[in-house]
Amino acid sequence: MERLRNWLRESRHTVVFTGAGMSTESGLPDFRSARTGLWQGKDPARLASTQAMRHNREEFLAFYRMRIEGLLSCKPHSGHHLLAEWERQGVIQGIITQNVDGYHQHAGSQRVAELHGTLTTLSCLRCGRKEKAARYLQEEGSVCECGGFLRPDVVLFGESLPEAAFEQAVAWTEPAELFLVLGSSLAVSPANWFPQQAKERGATLVIVNREPTMLDHLADLVIQDRLIGDVLKNLPLDF
Ligand code: APR
């Protein structure tokens with residue numbers, strides 16, 4: 001931990017990269033943890049893909065209603081608030097997140113690139129109207145006032161990443177001196193291209209994750225511990 005504290009103090013351009021492990025201590029499940037992961041015993045393509053949205057709509061809606069209920073009933077934890085404080089103090093330049101729960105912004109972070117979109121809003125496929133995600137929990141909540149289908153603003157399997165978020169993540173990654181991964185298996189591309197790119201460009205790569213990840217072999221430091229319980233609570237608010 002002392003090495004991470006020193007790197008955080010010395011780095012003039014630090015980028016944080018978060019995955020679902022950042023929100024499990026808020027009460028939201030991740031995807032690939034044994035037993036509790038959302039993909040355990042399920043086929044993501046049947047639930048979170050454009051095909052599922054078109055041809056398996058009931059299961060698709062049930063899956064996203066369940067996830068929206070979760071993110072509305074849980075809230076950001078001290079780790080999300082710590083990152084927001086670090087942004088305010090200039091300790092970090094930005095957060096590249098795979099998460100769609102909006103908890104970084106909810107905790108006060110403003111410089112957030114959401115690579116996989118957001119589950120906090122819905123968009124009508126016919127007229128483009130935006131609605132808050134809570135609407136999905138109402139009767140007929142997926143039907144727009146125009147009669148069109150309201151889809152979650154997440155990136156589905158089969159869709160490309162939002163260009164603005166991707167460009168922002170590239171802009172933060174290029175000059176990074178320290179690239180800090182928090183709570184991701186780094187199993188999914190192209191999101192896992194960013195830690196690799198940071199490393200190739202000479203950044204120090206630190207991975208904090210409860211289990212081994214796909215890119216541990218590239219890291220300068222791997223901390224296999226719980227984010228809040230063991231790591232972030234031991235990092236200072238100010239440097
Ligand atoms: N502390 C530290 N690590 C944790 C904690 C915790 N409290 N809780 C979970 N983890 C770790 C798990 O061990 C796991 O390796 O976080 C990692 C989360 O990995 P995934 O479940 O694969 O989630 P993520 O990496 O965000 O997945 C990326 O896959 O299906 C897509 O769109 C989905 O954005 C998601 C993407």
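The structure presented is a predicted model; accordingly, all values stated were derived computationally and were not measured. Counting from 1, the numbers follow the sequence of the chain as shown. Both counts, for ligands and for their atoms, begin at 1 and track the order of listing.
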Between [X] and [Y]: side-chain donor-acceptor atoms closer than 3.5 Å:
X    : Y    : answer
S142 : R65  : no
R3   : N6   : no
Q89  : E85  : yes
S189 : N192 : no
Q98  : S184 : yes
T18  : T97  : yes
T121 : D153 : yes

State the CG-CE distance between N209 and M22, to the nearest 0.5 angstrom.
-> 12.0 Å

Hey, could you give me the CG/CD1 distance between L232 and I228, rounded to the nearest 0.5 Å?
-> 4.5 Å

Does an N or O from [X], backbone or side chain, lie closer than 3.5 Å to an N or O of ligand 1?
X    : value
R32  : yes
P212 : no
L227 : yes

Who's the nearest protein heavy-atom neighbour of [atom], and how far?
atom                    : result
atom 25 (O) of ligand 1 : S184 OG, 2.7 Å
atom 35 (C) of ligand 1 : F31 CE1, 3.6 Å
atom 28 (C) of ligand 1 : Q98 OE1, 3.2 Å
atom 10 (N) of ligand 1 : G21 CA, 3.6 Å
atom 17 (C) of ligand 1 : N209 OD1, 3.4 Å
atom 13 (O) of ligand 1 : E211 OE1, 3.0 Å
atom 4 (C) of ligand 1  : R210 CB, 3.7 Å

For [X], the ligand 1 atoms whose distance to one of its heavy atoms is below 4.0 Å:
X    : value
W39  : 30 (O)
G183 : 16 (O), 17 (C), 18 (C)
S185 : 15 (O), 17 (C), 18 (C), 19 (O), 20 (P), 22 (O), 25 (O)
G19  : 26 (O)
S33  : 12 (C), 13 (O)
A20  : 23 (O), 24 (P), 26 (O)
E25  : 1 (N), 6 (C), 7 (N)
D30  : 9 (C), 12 (C), 14 (C), 18 (C), 21 (O)

Please indicate whether H13 has more than 12 foreign heavy atoms, meaning atoms of other residues, nucleotides or ligands, lying under 6.0 Å from its NE2.
-> yes

Relative to the ring of W193, is the ring of F166 parallel (under 30°), tilted (30 to 60°) or perpendicular (over 60°)?
-> parallel

Determine the interplanar angle of the H80 and H77 rings, folded into 0 to 90°, and report it as parallel if under 30°, tilted if 30 to 60°, perpendicular if over 60°.
-> tilted

For residues W172 and F194, determine if any side-chain heavy atom of one lies less than 4.5 Å from a side-chain heavy atom of the other.
-> no

Look at ligand 1 and say whether [X] reaches it with a heavy atom at a distance under 4.0 Å.
X    : result
P44  : no
V154 : no
G37  : no

Could you go through the salt bridge (charged side-chain N to carboxylate O under 4.0 Å, His left out) check for E87 and R111 one step at a time?
-> CA-CA 8 Å; E87 175 189 298; R111 296 162 61 84; 5.3 Å; no

Using a 4.0 Å heavy-atom threshold (strictly under), name the region of [X] that reaches ligand 1: side chain, backbone, both or neither.
X    : answer
T24  : side chain
H116 : side chain
D225 : backbone
F157 : side chain

Partner of N56 by side chain to side chain donor-acceptor pair (under 3.5 Å), out of E59, E58, R54 = E59

